[in-house]
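Quick caveat: nothing in here was measured; it's all calculated off a predicted structure. Counting convention: from 1, in listed order, for ligands and their atoms alike. FYI, the numbering just counts along the sequence from 1. FYI, side chains are in, hydrogens and waters are out, and symmetry mates aren't considered; it's all heavy atoms of this structure.
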Amino acid sequence: MTSRQWAAITLVVLVIATAVVALLRVPWAAPPAPRADQLAALETLPADAVAKGREFRGALRPGMYLSMAVGLVAALLLGLTPAGSWIVEQVGRPFNGHWLARALLGGLAIVFIGEVVLLPLAAWRHIILKRYGLSTQDWGAWTVDVLKGYAVGAVIGAIVLVGFFTVTHFAPRWWWAWGAAGAAVLTVLLTFVFPVLVEPVFNKFTPMPEGEQRTRLMAMADRDGVPVRDVLIADASRRTRAVNAYVSGLGPTRRIVVYDTLLEKAPPAEVEAVVAHELGHAKDNDVLTGTLLGALGAAAAVCALYLLGSWSGLLRLARVDSIAEPRAVALLLAVAAVAGLFAGPAQAFVSRRVEARADRHALQLTGDPAQFEAMQGRLSLVNLGDPDPNPVEQFLFGSHPTAVERMAAARAFARGER
Ligand SMILES: [Zn+2]
């Protein structure tokens, strides 16, 4: 059998494996709570605050769609014309066109151009966040964040670029196999190191101080049977007035993080409801599920790229000889941009199901649907969210059930329905 046939078989196996993991580990059978409950929940929120949230989301909308469009057009212009390969060549010139210089510096140049064209739109977003009082950053702090983001992106980008093109250079026929394995391993590795290496670049984390609240949260984790070494507080207030909490990491790097803004704005019982939700993620190993799906998906993507590489029309557009040469890096990014358009809604769909399960866990663990509903209402209002957004946008981008869906789930739980 040829390398191509092996790649095709591997791709099919990986797609099936991804589907199996998704079927087994994502809670599919969970219809949203009745619409009547959602509307009743919406009624309880102050109308002016709901209107302000809608206005804010409306103000962000044009920039958001424009960012998506500009990002896609830039990727296609660089990748599906000779422009991208020309830039890589020029950047590699001082190094006599050495493949490694083209791969690393040329690749980073293409990525950087893609980031810079989006910078004005990111600044526009920051202006709106300031106007609505959600951001606490001045332009200096905002710029530092942008630069830190570029630095982190450059480090991860360099690892991916050098890794990928080293493999294609030394294994021109079987690079897809090494690349697929490497992509999967890197995905798992990133999940482990992200909380320890990347998150501290942007925020300071301190263990929640000894006291009644910490004792209660640890007791709840204990009752839940989830081993939690610590609940960490992130100094999110230096960036935002929004409230949030999350779980990240795997195994020894797993942690529950609560924004300092949440502790400041929500009463202890609501903080408990938030942490109960996060414990649900920990108990169901949702980070592991996401990592497995990501690793299998990344490996499948490498195989698909290899197969796509025999599409000569595509190579002619980018004026490259092979999809595996460093001059084709813009073409690879263009393909990734198009794939991302479809992967985004699929990821959001999976995420909403997983989040709804964590909500059910929080309701069962606290046994206090009233607090849970109050917490969801507060989260939506403080974060200037639209509690009941347009269904199409929710389908495309919503990583969580809507606020009214989450509040309605609490009402259904209170009636003993779920
Ligand atoms: Zn969650």
Side-chain angles (χ1 to χ4, degrees), residues 22 25-28 30 32-33 41 191 194-195 199 203 205 208 217 220-221 224-228 230-234 236 240 242-250 253-263 265-266 269-294 344-366 368-369 371-383 385-387 389 394-395 397-410 412-413 418:
R25 296 194 58 102
V26 177
W28 294 107
T191 310
F194 201 82
E199 286 175 20
N203 279 102
F205 299 90
M208 182 178 267
L217 293 178
M220 183 169 69
D224 201 17
V226 179
V228 172
D230 228 338
V231 176
L232 298 179
I233 302 174
T240 182
V243 298
N244 203 357
Y246 63 89
V247 186
S248 64
L250 272 180
T253 64
R254 185 171 77 190
R255 66 247 299 266
I256 290 181
V257 176
V258 178
Y259 278 21
D260 56 354
T261 45
L262 179 74
L263 297 175
K265 280 179 192 139
E270 290 182 24
V271 174
E272 218 166 299
V274 172
V275 172
H277 168 101
E278 303 306 331
L279 286 172
H281 285 312
K283 192 159 190 174
D284 289 310
N285 278 313
D286 291 337
V287 175
L288 179 65
T289 302
T291 307
L292 279 177
L293 289 175
Q347 276 171 348
F349 188 74
V350 168
S351 172
R352 287 195 295 274
R353 291 307 173 102
V354 168
E355 293 297 340
R357 173 170 65 189
D359 279 352
R360 279 197 300 283
H361 181 86
L363 286 164
Q364 284 157 2
L365 182 59
T366 61
D368 194 345
Q371 283 299 349
F372 184 87
E373 183 176 338
M375 177 271 280
Q376 292 297 347
R378 183 187 309 271
L379 236 62
S380 180
L381 297 183
V382 172
N383 293 344
D386 182 344
Q394 171 65 9
F395 175 78
F397 311 117
S399 63
H400 289 64
T402 69
V404 294
E405 282 172 350
R406 303 177 85 176
M407 294 165 82
F413 177 85
R418 52 181 73 211

Colleague: With no hydrogens and no angle check, just 3.5 Å: does a side-chain donor-acceptor pair link Q371 and T366?
Modeller: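 Their side chains do not contain a donor-acceptor pair, so the 3.5 Å distance test is not met.
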Colleague: Quick check for you: to the nearest 0.5 Å, what is the distance between L365 atom CG and H277 atom NE2?
Modeller: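 So the CG of L365 and the NE2 of H277 are separated by 12.5 Å.
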Colleague: Taking 2.8 Å as the cut-off, does E278 contribute an N, O or S atom near the Zn ion (ligand 1), distance below it?
Modeller: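 No N, O or S atom of E278 is closer than 2.8 Å to the Zn ion (ligand 1), so no.
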Colleague: Classify the side-chain pair H400/D359 by whether it contains a donor and acceptor separated by less than 3.5 Å.
Modeller: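 Side chains of H400 and D359: no pair found under 3.5 Å.
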Colleague: I'd like to know: is the Zn ion (ligand 1) within the 2.8 Å range of an N/O/S atom from H281, strictly under that distance?
Modeller: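 Given the 2.8 Å cut-off, H281 counts as a ligand of the Zn ion (ligand 1).
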Colleague: Closest to the Zn ion (ligand 1), which N/O/S atom of E355 is it?
Modeller: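 Among the N, O or S atoms of E355, the one closest to the Zn ion (ligand 1) is OE1.
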Colleague: Do V354 and T289 pass the side-chain contact (heavy atoms from CB on, under 4.5 Å) test, and can you show the C-alpha distance, the side-chain angles, and the key distance before you say yes or no?
Modeller: CA-CA 10 Å; V354 168; T289 302; 5.5 Å; no
